[in-house]
Engineer: 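What follows is a structure written as structure tokens; I'll ask about it next.
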Amino acid sequence: HLGWIRVDITAEQRFTLSAATEQQLDELQEPLVITGYFSEKTHPLLQPLIPSLTDLLEEYSTVGGNRVRVEFVDPTKDREAEEAAATLYDIRPVPFQTADRYQSAVVSSYFDLVVAYGDQYEKLGFRDLIEVKARGEGDVRVVLKNPEYSITRVIKKVAANYRSGADSISQLQSPISIKAYVSQNEVLPPILIDIKEALLQTLTELQSQSAGKVTYEFVDPNIDDGALAKELEDRFGFGPQVASLLDPRPFWFYVVIESAKGAFQVPLPQTLDAPSIKRAVDSAIMRLTPGALKTVALMKPEAFGPQAQQYRYLADTF
């Protein structure tokens, strides 16, 4: 008895995943979550693309089995989902301008994907997913831009980043100490209080997973009448920071990794959220792990015209 069957009857086999994608899904060791953020009300040229994209994602779920979960969310209908998309992934609605013969309007909508694996994630916005083709003045066509390639590429990236982050701790050749030189909550800007908690959670998890190779400590540089603050200034050039002219209270927020090879600062990410903090710490630890970081060199000729433009596009991808 045959309960159901799936058949791809499209000429281009657009809903049949490639062998490379199937292999990538087979290699997953942790659950992969793909979330599609799509608005019901969107630009009329984007609307027809949503069913094709959701069908393709369902194919990822089918082929991946229990290793892949696909979700679809319309943040315009769910305030909590809207806040989560903005807070966790910095995904916000894009204002698209629409027009017909009678009126023009602006509709703010979502057309984004998030691929999450462990503590790693990557975003794909509408610019990554679509291609605009102009066939003449006023004749514009919007199509999907090889979405399987884009999705599988970021799946491979997040999986590799997750594995390298876990492996970097086990491959440390000597113990490391992470010092967080951070002020008390009373003088920290509100956003940094949350980041301090995220940093504490990240360091606690690293220490528990490291089998004694990682230790951490939070220290307020203003203790001992500022003696530590003076030492940090002399050693690293650190100094008190100020959030803005509207909040001129000085505070400290620096993270330093110390090992047998020396000490270096962990730069804070531009996006201040928990996943970004963890990636910043993991990336810093990779600097101490042999072979964890790769260097890619781009050699380009002195050229002008279209060839030079192609090299610029290539350089921008790194």
Side-chain angles (χ1 to χ4, degrees), residues 84 86-90 118-121 161-162 164-289 292-293:
T87 303
L88 296 178
Y89 307 119
D90 194 28
D119 58 357
Q120 303 291 315
Y121 75 88
N161 288 345
Y162 179 79
S164 63
D167 293 343
S168 62
I169 298 176
S170 62
Q171 295 177 22
L172 284 172
Q173 295 181 334
S174 61
I176 64 172
S177 173
I178 304 178
K179 301 288 184 63
Y181 298 108
V182 181
S183 298
Q184 299 298 316
N185 289 357
E186 291 76 15
V187 298
L188 283 177
I191 188 173
L192 288 183
I193 296 177
D194 295 335
I195 297 306
K196 180 180 179 180
E197 291 298 320
L199 178 62
L200 174 61
Q201 180 178 349
T202 294
L203 299 184
T204 301
E205 292 175 355
L206 284 174
Q207 180 174 269
S208 66
Q209 298 167 1
S210 68
K213 291 184 177 180
V214 177
T215 59
Y216 72 88
E217 181 182 9
F218 277 74
V219 185
D220 183 353
N222 289 322
I223 62 174
D224 298 331
D225 297 325
L228 177 57
K230 182 65 169 61
E231 178 184 339
L232 293 175
E233 181 180 2
D234 295 340
R235 186 180 181 190
F236 300 110
F238 295 166
Q241 301 149 287
V242 174
S244 68
L245 292 176
L246 300 178
D247 187 4
R249 293 177 301 172
F251 65 90
W252 291 76
F253 204 109
Y254 297 95
V255 182
V256 173
I257 293 182
E258 298 184 359
S259 71
K261 296 182 178 180
F264 60 91
Q265 181 184 2
V266 179
L268 291 181
Q270 292 183 347
T271 302
L272 292 177
D273 56 32
S276 298
I277 285 291
K278 187 171 191 321
R279 284 196 298 273
V281 174
D282 287 341
S283 296
I285 292 177
M286 287 182 193
R287 293 176 58 182
L288 300 171
T289 305
L293 295 182

Engineer: Could you give all pairs that pass the ring pair (Phe, Tyr, Trp, His ring centres under 6.0 Å) test and reach residues 204-238, with sequence neighbours left out?
Structural biologist: Phe236-Phe238, Phe238-Tyr254
Engineer: Could I get the full list of side chain to side chain contact (heavy atoms under 4.5 Å, CB included) partners for Glu186, not counting sequence neighbours?
Structural biologist: Gln184
Engineer: For the residue pair Leu188 and Leu192, what are the closest heavy atoms and their distance?
Structural biologist: CD1-O, 4.2 Å
Engineer: Would you name the heavy atoms of Tyr181 and Val256 that are closest together and state the gap between them?
Structural biologist: CE1-CG2, 4.0 Å
Engineer: Sequence neighbours left out, what pairs pass salt bridge (Lys or Arg N to Asp or Glu O under 4.0 Å) with at least one residue falling in residues 187-197?
Structural biologist: none
Engineer: For a quick test of reading the model, state the closest non-hydrogen atom pair linking Ser183 to Asp220 and the distance between them.
Structural biologist: CA-OD1, 3.9 Å
Engineer: What pairs meet the side chain to side chain donor-acceptor pair (under 3.5 Å) rule with one or both residues in residues 228-240, with sequence neighbours excluded?
Structural biologist: Lys230-Asp234, Arg235-Glu258
Engineer: Could you state the interatomic distance from CG (Asn222) to CZ (Phe251), rounded to the nearest 0.5 Å?
Structural biologist: 12.0 Å
Engineer: Within this structure, what is the CG-OG1 distance for the pair Leu206 and Thr215, rounded to the nearest 0.5 Å?
Structural biologist: 11.5 Å
Engineer: How would you list, by chain and number, every residue that makes a side chain to side chain donor-acceptor pair (under 3.5 Å) with Glu205, sequence neighbours excluded?
Structural biologist: Gln201
Engineer: Indicate the atoms forming the closest heavy-atom contact of Val255 with Ile178, along with that distance.
Structural biologist: CG1-CG2, 3.8 Å
